[in-house]
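Comments concern the structure below.
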Amino acid sequence: MAELRPVPGGRETPQGELRPEVVEDEVPRSPVAEEPRGDGSNSSEAKLFPGEEEELDPRIQEELEHLNQASEEINQVELQLDEARTTYRRILQESARKLNTQGSHLGSCIEKARPYYEARRQAKEAQQETQKAALRYERAVSMHSAAREMVFVAEQGVMADKNRLDPTWQEMLNHATCKVNEAEEERLRGEREHQRVTRLCQQAEARVQALQKTLRRAIGKSRPYFELKAQFSQILPQQCHTYSRVPGERGSVAALAGEGLPPQEQL
């Protein structure tokens, strides 16, 4: 007969029978707040007390103010750009309307007199080219005179030290001689160019005089149209210059604003 052994819990287990393990009921443990470690690893998770704020780096504050100012300047420049664009379009439309009105009123005399005014424009351009060529020729003459003066000074130095042939003076003389040759070529080139544009200017003036005699009547009748056209031809380039200048100012301000904050490693 099997011997019974007492089992915890009140039941007796026969000898040779495995005794089941008793699993204690798991009792939920109440959460206990962990104490903060002494190494400060949880400091980033700590909440700030009411009224406590992190101070902003003064350099960052300064850069932010700089960016705000640049933004205001960009807005002002954009307003100027809009105004310039509106003014340019208004003048362009007004000029086209007035010229069309004048053209309808004056009729065919405009086309008859157009070669005369075209010849006047070409004569004016030829006169400007003549003035530029004259300035270039005068500059070449001055350079040639200065180079010849350098040659004279270098020759005097070589003659003074001819007994020992100082290489410095000899080098200076060679350099000055090359300058004289270059200046002489430039002077001759400028002289030929000045003569060429002078002939063109004279031809243009002669053509203006000839057309003025043959088209006198048409020129007189169409004068209001071409005077109005010349007036608008002066106003529009000025307004176009203003219109094209404003985006450049905007780009400069934007470039300054684009510098932004300094790199983080500099803070």
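Just so it is clear, the values below take in all heavy atoms, side chains as well, and ignore hydrogens, waters and symmetry mates.
- Not counting sequence neighbours, the partners of Phe232 by the side chain to side chain contact (heavy atoms under 4.5 Å, CB included) test are Ile91, Ser95, Lys98, Leu228.
- Contact check for Met150 versus Val180: no side-chain heavy atoms found under the 4.5 Å cut-off.
- Summarising the geometry, atom CD belonging to Glu72 is positioned 7.0 Å from atom CD belonging to Gln76; distances are rounded to the nearest 0.5 Å.
- Rounding to the nearest 0.5 angstrom, the gap separating the CG atom in Leu106 from the OH atom in Tyr225 is 9.5 Å.
- Not counting sequence neighbours, the partners of Asn174 by the side chain to side chain contact (heavy atoms under 4.5 Å, CB included) test are Gln170.
- When the side chain to side chain donor-acceptor pair (under 3.5 Å) test is applied to Arg192, no partner is found at least two apart in sequence or on another chain.
- At most 12 heavy atoms of other shown residues, nucleotides or ligands fall within 6.0 angstrom of atom CD in Glu171.
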Donor-acceptor pairs under 3.5 angstrom involving side-chain atoms of residues 126-148: please list them, not counting sequence neighbours.
{"residue": "Thr130", "atom": "OG1", "partner": "Ala126", "partner atom": "O", "Å": "2.8"}
{"residue": "Thr130", "atom": "OG1", "partner": "Val197", "partner atom": "O", "Å": "3.3"}
{"residue": "Ser142", "atom": "OG", "partner": "Glu138", "partner atom": "O", "Å": "3.1"}
{"residue": "His144", "atom": "NE2", "partner": "Glu184", "partner atom": "OE1", "Å": "2.7"}
{"residue": "Ser145", "atom": "OG", "partner": "Val141", "partner atom": "O", "Å": "3.1"}

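- Every residue two or more places apart in sequence or in another chain was checked for a salt bridge (charged side-chain N to carboxylate O under 4.0 Å, His left out) with Glu62, and none qualifies.
- Atom CG of Leu81 sits about 4.0 Å away from atom CZ of Arg85, to the nearest 0.5 Å.
- Legend: side chain to side chain donor-acceptor pair (under 3.5 Å) pairs involving residues 106-115, not counting sequence neighbours, sorted by first then second residue: Glu111-Arg114.
- Taking the salt bridge (charged side-chain N to carboxylate O under 4.0 Å, His left out) definition, one finds that Glu182 meets it with nothing, sequence neighbours left out.
- Checked against side chain to side chain donor-acceptor pair (under 3.5 Å), Glu193 has the following partners two or more places apart in sequence or in another chain: Arg196.
- For the atom pair Gln231 CD and Leu99 CG, the distance stands at 10.0 Å (nearest 0.5 Å).
- Here the CD1 atom belonging to Ile74 is positioned 9.5 Å from the CG atom belonging to Leu67, to the nearest 0.5 angstrom.
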Counting only pairs under 3.5 Å, give me each side-chain donor-acceptor contact of residues 198-221, with atom names and distances, residues two or more places apart or in other chains.
{"residue": "Thr198", "atom": "OG1", "partner": "His194", "partner atom": "O", "Å": "2.5"}
{"residue": "Thr214", "atom": "OG1", "partner": "Ala210", "partner atom": "O", "Å": "3.3"}
{"residue": "Thr214", "atom": "OG1", "partner": "Leu211", "partner atom": "O", "Å": "3.3"}

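- With sequence neighbours left out, the ring-ring contact (aromatic ring centres under 6.0 Å, His included) criterion links Tyr117 to Phe226.
- Under the side chain to side chain contact (heavy atoms under 4.5 Å, CB included) criterion, Glu155 pairs with Val151, Leu173, not counting sequence neighbours.
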